Amino acid sequence: MRQNTFPRAEILKHRDFLRLQKQGKATRNPYVTAVFAPGIQDVTRLGITAGKHVGKAWQRNRIKRLIREFFRLNRHLLGRNWDINISVKKEATVLASSRLFSECKTVFLKVSEHALNGL
RNA sequence: CGAAGCAGCACAAGCGGUCGCCGGACCCUUCAGGGAUCCGGAGGAAAGUCCGAACAUCGAAGGGCAGGGUGCUCCAUAACGUGGAGUCGCGGCAACGCGAAGGAAAGUGCAACAGAAAGAACACCGCCUCGCCCUAAAGCGGGGUAAGGGUGAAACGGUGCGGUAAGAGCGCACCAGUUCCCCGGGUGACCGGGGAAGCUCGGCAAACCCCACCCGGUGCAAGACCAAAUAGGGGAACACCAGAGGGUGGCCCGCCCGAGUUCCCGGGUAGGUCGCAUAAGGAUCCGGGUAACCGGUUCCUCCAGAUGAAUGACCGCUGCCCGGCCAGGGGUAACCCGGACCGGGUACAGAAUUCGGCUUACGGGCUGCUUCGACCG
RNA sequence: GUCCCCAUCGUCUAGCCCGGUCCAGGACACCGGCCUUUCACGCCGGCAACAGGGGUUCAAAUCCCCUUGGGGACG
């Protein structure tokens with residue numbers, strides 16, 4: 001049986017990014033910023049923003065793959081269904097993968113606190 | 001053995017396990033969707049966007065101007081600013097490398113400072129001569145002179161002999177160059193040989209420019225089709241005295257629309273589908289050509305096709321590289337080689353319409369050829 | 001993705017088209033001095049830049065090529 005999947009349909013589209021920009025709440029640490037709002041579909045959907053200032057194309061692809069991988073394995077930390085946009089900062093490119101995973105974990109736990117507060 | 005040069009080739013660490021992503025085929029299903037199996041899934045530069053094309057579209061892309069590009073020759077190519085083979089020049093002992101390499105006796109310009117003068121030389125010092133003061137010297141004035149000094153990045157051929165008041169291609173010999181002519185070789189750039197003219201007229205066209213050749217613009221966010229919400233207009237045909245006025249790719253000529261009548265319902269944004277992967281395609285063999293490349297034969301095509309954008313993460317083992325440290329070996333020594341262990345690293349870098357090049361970034365390896373030096377035979 | 005533009009003291013800029021006068025000028029800022037009881041103002045002086053690498057040229061901030069770094073337009 002397939003488990004911990006992350007199909008393409010659970011990636012945010014353009015209009016979702018605009019909605020998050022207007023209505024979302026944000027939490028951040030020195031490496032990533034998470035903008036989030038309650039999900040409009042049954043599942044949690046993820047978007048990743050890594051602009052050109054972050055680095056070269058292969059560096060941006062690496063960061064996005066790592067964040068997708070972390071989301072795939074740790075989406076249960078979030079508590080409920082959200083729409084989340086993870087925005088990557090330039091400093092994240094130098095991190096080892098394990099360090100990046102732990103940074104993402106702190107952000108995910110902050111988001112789940114908002115779920116407990118009944119947002 | 002050491003140092004160096006050139007050309008070509010394949011690769012871009014490998015294997016196993018677990019969890020995942022994208023596309024396709026086919027099957028099952030509760031037909032929105034979900035699931036099983038199988039197949040495929042980044043590069044030599046995918047990069048920079050520096051050139052060239054294909055393709056699409058744009059006042060019908062007709063003409064002219066402006067503008068841009070290229071610049072030794074021949075060949076190759078769909079085309080090129082690319083490639084191949086040569087020519088000439090420069091650098092290197094050499095192998096070899098580098099060169100935007102047409103024209104400066106078409107024209108206009110430019111050359112700071114220094115210097116007398118920067119291009120048909122106007123004489124600063126100097127040399128020679130004439131005149132003036134009685135002669136000489138000195139001085140002043142007129143003239144001749146580019147051999148010497150000095151300046152500069154660059155100074156109007158070089159050496160010798162003659163010649164002269166002093167000098168000067170002023171004359172002669174040789175050398176260097178230029179222009180023209182003839183002969184021979186080469187498709188040609190050009191090369192070799194001979195002759196004539198004292199012709200010596202320099203540099204910069206990556207200054208304007210001249211000459212030769214090439215280029216219409218825009219670019220897949222091109223463009224075609226389907227098509228919510230909202231707003232309201234748009235299109236076609238016919239007629240026509242007049243053409244006000246308007247639209248046009250940088251400009252002009254030119255071209256088109258343009259007041260009336262009739263008919264039709266479509267245009268277009270969000271969003272979606274196509275364009276979108278069979279192509280100047282790859283491999284084998286044969287033939288032609290010095291080569292780039294061309295012609296033919298057979299075979300292979302599911303062979304990446306995403307769109308907030310797939311090809312990844314973790315674990316283990318092995319390979320390679322670097323550093324540390326300890327055995328060991330060689331050597332008088334400096335030092336060199338090297339096995340185990342520990343730690344770290346494993347390049348540059350990610351397809352976005354598709355090809356042909358160029359440029360830049362970057363890891364180690366293999367093969368072949370050549371040059372120079374040292375030693376031995 | 002495609003197509004354009006730009007780069008000069010710490011900052012804003014002049015010079016670039018048409019090379020030499022430029023070891024690059026000006027303003028603000030900074031530093032030192034004078035003036036003032038002190039500060040400010042004013043005056044005098046100083047520090048400080050052609051993004052990097054090649055090429056053309058006697059000579060390059062300027063002309064040409066490559067690289068790097070910024071910025072913009074197009075749905």
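In this text, all values refer to a predicted model and were calculated from it rather than measured experimentally. Naming convention: chains lettered A, B, ... in sequence-line order (proteins, then strands); numbering from 1 in each chain.
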Sequence-distant partners of F6(A), ring-ring contact (aromatic ring centres under 6.0 Å, His included), two or more places apart:
F71(A)

Is the backbone of N81(A) close enough, under 3.5 Å, to the side chain of R45(A) for a donor and an acceptor to pair up by distance?
no

Nearest to the N61(A) side chain among rA310(B), rA309(B), rA313(B), which nucleotide is it?
rA310(B)

Would rG169(B) be called syn or anti, given that syn covers angles within 90° of 0?
syn

Is the Lys NZ or Arg CZ of R62(A) less than 6.0 Å from the centre of W58(A)'s six-membered ring, within 45° of the axis?
no

When you check the phosphate oxygens OP1 and OP2 of rG308(B), does a side-chain N or O of R15(A) lie under 4.0 Å from one of them?
no

Using Watson-Crick or G-U wobble geometry with both distances below 3.5 Å, tell me the partner of rC317(B), or none.
rG14(B)

Could you tell me whether E113(A) and K110(A) make a salt bridge, using a distance below 4.0 angstrom between a side-chain N and a carboxylate O?
no

Strictly by Watson-Crick or wobble contacts shorter than 3.5 Å, is anything paired with rG25(C), and which nucleotide is it?
rU13(C)

Just call it for R62(A): base, sugar-phosphate, or nothing, with non-hydrogen atoms closer than 4.0 Å on any strand.
nothing

Regarding F6(A), tell me which of base, sugar-phosphate or nothing describes its non-hydrogen contacts under 4.0 Å with the strands shown.
sugar-phosphate

Syn-anti status, with the boundary at 90° from 0, for the nucleotide rC362(B)
anti

Mind checking the C1' distance from rC300(B) to rA349(B)? Whole angstroms is fine.
32 Å

Among rA42(B), rA351(B), rG308(B), the nucleotide that comes nearest once only the side chain of A57(A) is considered
rA351(B)

Please report, rounded to the nearest Å, how far the P atom of rA313(B) is from the CD1 atom of I63(A).
11 Å

Taking O4'-C1'-N9-C4 for purines and O4'-C1'-N1-C2 for pyrimidines, is rA374(B) syn (within 90° of 0) or anti?
anti

Paired nucleotide for rA207(B) [Watson-Crick or G-U wobble; both distances under 3.5 Å]
rU108(B)

Taken to the nearest whole Å, CD/E10(A) to C1'/rA310(B) is 16 Å

Closest-nucleotide 5' rank along RNA chain B - winner of W58(A) and E69(A)
E69(A)

So for R72(A) and rC19(B), does any side-chain atom that can act as donor or acceptor lie under 3.5 Å from a complementary atom in the base?
yes

In whole Å, measure the gap between the C1' atoms of rC220(B) and rA51(C) for me.
36 Å

Polar side-chain atom of D16(A) near backbone of L12(A) as donor-acceptor pair, under 3.5 Å
no

Is there a donor-acceptor pair closer than 3.5 Å between any side-chain N or O of S87(A) and the backbone N or O of T33(A)?
no

Any strand counts, and the cut-off is 3.5 Å on both contacts for Watson-Crick or G-U wobble. Which nucleotide pairs with rC9(B)?
rG365(B)

Rounded to whole Å, please give me the gap between CZ in F17(A) and P in rG75(C).
21 Å

Integer-rounded Å distance: rG312(B) P and K64(A) NZ:
15 Å

Ignoring backbone atoms, test whether R68(A) places a side-chain nitrogen or oxygen under 4.0 Å from the OP1 or OP2 oxygen of rU311(B).
yes

For residues K64(A) and L66(A), determine if any side-chain heavy atom of one lies less than 4.5 Å from a side-chain heavy atom of the other.
no

I48(A) CD1 to rC21(B) C1': how many Å, rounded?
12 Å

Derivation and outcome, salt bridge (charged side-chain N to carboxylate O under 4.0 Å, His left out), residues E103(A) and R99(A):
CA-CA 6 Å; E103(A) 295 293 338; R99(A) 179 73 194 285; 3.1 Å; yes

Atom NZ of K13(A) and atom C1' of rU307(B): how far apart are they, to the nearest Å?
7 Å

How far does the C1' atom of rG67(B) sit from the matching atom of rC22(B), given to the nearest Å?
49 Å

Quantified in whole Å, what is the P atom distance between nucleotide rU87(B) and nucleotide rA95(B)?
14 Å

The answer to which of G47(A) and L66(A) contacts RNA chain B further toward the 5' end, by nearest nucleotide, is G47(A)

Spacing of the P atoms in rU108(B) and rG86(B) (rounded, Å)
44 Å

Can you tell me the pairing partner of rU159(B) across any strand shown, Watson-Crick or G-U wobble, with both distances under 3.5 angstrom?
rA173(B)

Roughly how far apart, to the nearest Å, are rC286(B) and rU298(B) at atom C1'?
11 Å

In whole Å, I'd like the distance from the NZ atom of K52(A) to the P atom of rG308(B).
16 Å

Rounded off to whole Å, could you give me the NE2-to-C1' distance for the H14(A) and rA221(B) pair?
14 Å

Taking the same atom, C1', in rA270(B) and in rU301(B), what whole-Å distance lies between them?
41 Å

Is there a side-chain polar atom (N or O) of R65(A) under 4.0 Å from OP1 or OP2 of rU311(B)?
yes

Would you tell me if any nitrogen or oxygen in the side chain of S97(A) comes within less than 4.0 Å of OP1 or OP2 on rC314(B)?
yes

What integer number of Å spans the C1' atoms of rC252(B) and rC263(B)?
41 Å

Is the glycosidic torsion of rG44(B) within 90° of 0, making it syn, or is it anti?
syn

According to the Watson-Crick and G-U wobble definitions, with both distances under 3.5 Å, which nucleotide is paired to rA54(B)?
rU353(B)

Identity of whatever pairs with rG32(C) - Watson-Crick or G-U, under 3.5 angstrom
rC44(C)

As its Watson-Crick or G-U partner within any shown strand, both distances under 3.5 Å, rU360(B) has none

